[in-house]
Amino acid sequence: MLVLTRKSQESVMVGGAVGFERVLKVTVLEIQHGKVRLGFEVDADVPVYRSELWEQVRGGPGEMNHSRDA
């Protein structure tokens with residue numbers, strides 16, 4: 001696991017290097033009361049899930065629609 005420290009409004013870029021066309025940008029939007037709000041920017045056709053929903057999606061076909069998680 002890669003662990004990085006970021007302050008509010010700082011970002012991390014994932015992908016975009018040679019061989020990886022898609023880029024995921026994760027931005028720390030807010031840190032308050034022990035909670036961190038993250039913003040994710042990625043192509044619309046790339047699904048983004050919270051981990052507990054991803055487990056359901058990976059569980060098998062028909063369990064959940066594979067649309068983006070809001």
Side-chain angles (χ1 to χ4, degrees):
M1 174 187 295
L2 173 65
V3 178
L4 301 172
T5 302
R6 299 279 74 200
K7 296 178 182 175
S8 185
Q9 302 306 311
E10 291 183 339
S11 301
V12 174
M13 306 300 288
V14 179
V18 175
F20 296 98
E21 293 180 21
R22 295 191 172 156
V23 175
L24 169 65
K25 180 178 180 181
V26 181
T27 302
V28 176
L29 300 177
E30 181 179 32
I31 304 169
Q32 193 174 79
H33 307 293
K35 292 187 179 183
V36 178
R37 290 188 63 209
L38 300 174
F40 297 86
E41 296 178 51
V42 67
D43 293 340
D45 63 334
V46 176
V48 177
Y49 301 102
R50 296 187 314 253
S51 61
E52 62 274 15
L53 294 178
W54 182 78
E55 293 293 334
Q56 292 177 17
V57 170
R58 300 282 296 175
E63 285 193 29
M64 183 175 177
N65 184 342
H66 295 278
S67 62
R68 293 176 69 94
D69 173 37

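Numbering of residues begins at 1 and proceeds along the displayed sequence.
A distance of 12.0 Å separates CZ of Arg37 from CD1 of Ile31, quoted to the nearest 0.5 Å. Between the CD atom in Glu41 and the CG atom in Leu24 there is a gap of 9.0 Å [rounded to 0.5 Å]. One distance of note links OG1 of Thr27 with CD of Gln9; it measures 7.5 Å at 0.5 Å rounding. A distance of 9.5 Å separates NE2 of His33 from NZ of Lys35, quoted to the nearest 0.5 Å.
Applying the side-chain contact (heavy atoms from CB on, under 4.5 Å) test to Leu4 and every residue at least two apart in sequence or in another chain returns Leu2, Val12. For Val23, the side-chain contact (heavy atoms from CB on, under 4.5 Å) partners at least two apart in sequence or on another chain are Met13.
Other residues, nucleotides and ligands contribute more than 12 heavy atoms inside 6.0 Å of the CZ atom of Arg6.
For the pair Val36/Val28, a side-chain contact is recorded, criterion being any heavy-atom separation below 4.5 Å from C-beta on. When side chains are defined from C-beta on, Arg22 counts as touching Asp43, because their heavy atoms get closer than 4.5 Å.
Looking only at distances, no side-chain donor or acceptor of Glu55 sits under 3.5 Å from a matching main-chain atom of Glu52.
In the hydrophobic clustering of ILVMFWY residues, with side-chain heavy atoms under 4.5 Å counting as a link, Leu29 and Phe40 come out apart.
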